Amino acid sequence: MADPNSSRAPSGATGVLVLASGEVVWGRGFGAEGQAVGEVCFNTAMTGYQEVMTDPSYAGQIINFTFPHIGNVGTNPEDVEALNPHALGAIVRQDVTDPSNFRSTQHFDAWMKSNGRIGISGIDTRALTRLIRVAGAPNAVIAHSASGDFDVPAMLARAKAWAGLEGMDLAKDVTTLQTYGWDQGLWKLGAGYAAPAKGRKKVVAIDYGIKHNILRNLVDVGCDVTIVPATATFEEIMVHAPDGLFLSNGPGDPAATGVYAVPVIKQWLDTRKPLFGICLGHQMLGLAVGAKTEKMHQGHRGANHPVKRLSDGAVEITSMNHGFAVDAATLPANAKATHVSLFDGSNCGFELADQPAFSVQYHPEASPGPQDSHYLFEKFAGMMGGTA
């Protein structure tokens, strides 16, 4: 960390991270030039940086990658979780090297440039991670200038002025603007994306910031998926005559999104038809049954998070990306906890005892990450009388 009272860039520095607390971190910029303000968080995954950068749940955030070699497999048009990247920037240890993977079609640096995303290399990402673990996820400005010219005092003021994610509804910013269907199944090397099976159950997925691989997994277990905007009304959902409702992942403060989402979910629960939620969708279901959500100190983001399944004690290694959590102590009597984090004991899943509704805090679709929890999609299909 550089002297917070000095704004002079070291020789060769073309990138900088200015934390709202005053710390200034210099490095080498890559990707697009410019600056962006957001929350800095860290991700511990060793693979899948392109999926991470395009995950809509990272809207408003700057990713500090703890794995040092980010960018070395390049990028391609298949390993994306949304049409455009949503993370604001990438902080990495090593300089981005030329691609060394047969699937690569574009250098990571060029991909970042073409998508208007800022990167900084040469950063002590371990030190930054330790800072986040101690002080919590900070607000900051990330900037890249090939000339090395930076107005650090102005960036510090901008970082301090940014309101932060708490109280911010970002689902409206990343959701689809129109209803559409999805029929692309899971990807396999040499075969591409699978075609959907016949005789599928109709599922409406509410898009709070949905990842593409969630949709592929739903298709894989026999679902005919229609995606609707985050602000869709109950009537707009029911016009599709769904057999089940899916609540997606997404960014921002669940309490803010819940203002318009929770009433719709409550109406759906009255139908007593199957419901499945992931990540923000898990938090939305929690709010709908009367629980509360809370901002986490540092959040969970990575592909190696152990979660205990309470029904049989099995441990699932999971992919996670969330900075808010359901307060388990506020769950009502009819909401039975099903999963718990072995890192900090936070709630990672619950199901309703009196109707077919359940949700998990983690990402069973992975991308990136392990696939220990794929059975949850099969469980949802089974609730609808699926053939999975």
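Note that this is a predicted model, so its numbers are computed, not measured.
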Exercise. Using 30° and 60° as the class limits, which term best fits the ring planes of His300 and His305: parallel, tilted or perpendicular?
Worked result: tilted
Euclidean distance, [Y] [atom2] relative to [X] [atom1], rounded to 0.5 Å:
X: Thr226; Y: Asp207; atom1: OG1; atom2: CG; answer: 12.5 Å
X: Ile118; Y: Lys113; atom1: CD1; atom2: NZ; answer: 12.0 Å
X: Asp183; Y: Leu218; atom1: CG; atom2: CG; answer: 13.0 Å
X: Ile120; Y: Thr14; atom1: CD1; atom2: OG1; answer: 8.5 Å
X: His107; Y: Asn72; atom1: NE2; atom2: CG; answer: 10.0 Å
X: Leu287; Y: Thr330; atom1: CG; atom2: OG1; answer: 8.5 Å

Carboxylate-amine/guanidinium contact [X] [Y], below 4.0 Å:
X: Asp220; Y: Arg216; result: no
X: Asp95; Y: Arg28; result: yes
X: Asp253; Y: Lys295; result: no

For [X] and [Y], indicate whether the former's side chain and the latter's backbone hold a donor-acceptor pair under 3.5 Å.
X: Trp268; Y: Asp270; value: no
X: Asn76; Y: Ser104; value: no
X: Asn213; Y: Glu365; value: yes
X: His144; Y: Ala32; value: yes
X: Asn347; Y: Val326; value: no

What I'd like to find out is whether the side chain of [X] reaches to under 4.5 Å of the side chain of [Y], using heavy atoms alone.
X: Ile206; Y: Ser248; value: no
X: Val92; Y: Phe30; value: yes
X: Gln283; Y: Phe324; value: yes
X: Gln50; Y: Val73; value: no
X: Thr105; Y: Pro77; value: yes
X: Thr54; Y: Pro85; value: yes
X: Leu275; Y: Met383; value: no
X: Asn217; Y: Leu376; value: no

Minimum-distance pair of heavy atoms, taken over all atoms of [X] and [Y]:
X: Ile62; Y: Ala140; answer: CD1-O, 3.9 Å
X: Pro56; Y: Lys211; answer: CD-CG, 4.3 Å
X: Phe108; Y: Thr75; answer: CD1-CG2, 3.7 Å
X: Arg301; Y: Phe42; answer: CB-O, 3.3 Å
X: Ile265; Y: Ala288; answer: CG2-CB, 3.6 Å
X: Tyr58; Y: Cys41; answer: CE2-SG, 4.0 Å

Exercise. How about His282 and Phe350: are their ring centroids closer than 6.0 Å?
Worked result: yes
Hey, is [atom1] on [X] packed in by over 12 heavy atoms from elsewhere, all under 6.0 Å?
X: Gln267; atom1: CD; value: yes
X: Lys308; atom1: NZ; value: no
X: Gln178; atom1: CD; value: no
X: Arg126; atom1: CZ; value: no
X: Met46; atom1: CE; value: no

For this session: Quick one: do Asn249 and Ser57 satisfy side chain to side chain contact (heavy atoms under 4.5 Å, CB included)? Show the steps, please.
Result: CA-CA 7 Å; Asn249 63 294; Ser57 293; 2.9 Å; yes
Exercise. Looking at residues at least two apart in the chain, or sitting in another chain, which of them share a side-chain contact (heavy atoms from CB on, under 4.5 Å) with Ala329?
Worked result: Asp327
Does any donor atom in the side chain of [X] or [Y] lie under 3.5 Å from an acceptor atom in the other side chain?
X: Asp344; Y: Ser341; answer: yes
X: Ser373; Y: Glu316; answer: yes
X: Asp55; Y: His86; answer: no
X: Ser319; Y: His363; answer: no
X: Asn304; Y: Thr44; answer: yes

For this session: Output, in order, the C-alpha distance, side-chain angles, deciding distance and verdict of side chain to side chain contact (heavy atoms under 4.5 Å, CB included) for Leu310 and His339.
Result: CA-CA 6 Å; Leu310 299 180; His339 299 79; 5.9 Å; no
Find out whether the Lys NZ or Arg CZ of [X] is both under 6.0 angstrom from the six-membered ring centre of [Y] and within 45° of the ring's axis.
X: Arg309; Y: Tyr375; value: yes
X: Lys379; Y: Phe276; value: no
X: Arg103; Y: Trp187; value: yes

For this session: Kindly determine whether Val24 and Val152 satisfy side chain to side chain contact (heavy atoms under 4.5 Å, CB included), including the steps that lead there.
Result: CA-CA 8 Å; Val24 178; Val152 172; 3.9 Å; yes
Exercise. Are Val225 and Leu245 connected in the hydrophobic side-chain network, where two residues link if heavy atoms are under 4.5 Å apart?
Worked result: no
Problem set entry | Joint cluster assignment, Phe246 & Met238, ILVMFWY side-chain distance < 4.5 Å | no
Exercise. Passes side chain to side chain contact (heavy atoms under 4.5 Å, CB included), Leu128 versus Leu17? Steps please.
Worked result: CA-CA 11 Å; Leu128 185 54; Leu17 182 74; 3.9 Å; yes
Throw together a table of side-chain donor-acceptor distances under 3.5 angstrom for residues 157-171, partners on residues two or more places apart or in other chains.
| residue | atom | partner | partner atom | Å |
| --- | --- | --- | --- | --- |
| Arg158 | NH1 | Gln35 | OE1 | 2.9 |
| Asp169 | OD1 | Ala171 | N | 3.3 |
| Asp169 | OD1 | Thr257 | OG1 | 2.8 |
| Asp169 | OD1 | Tyr260 | OH | 3.2 |
| Asp169 | OD2 | Tyr260 | OH | 3.2 |

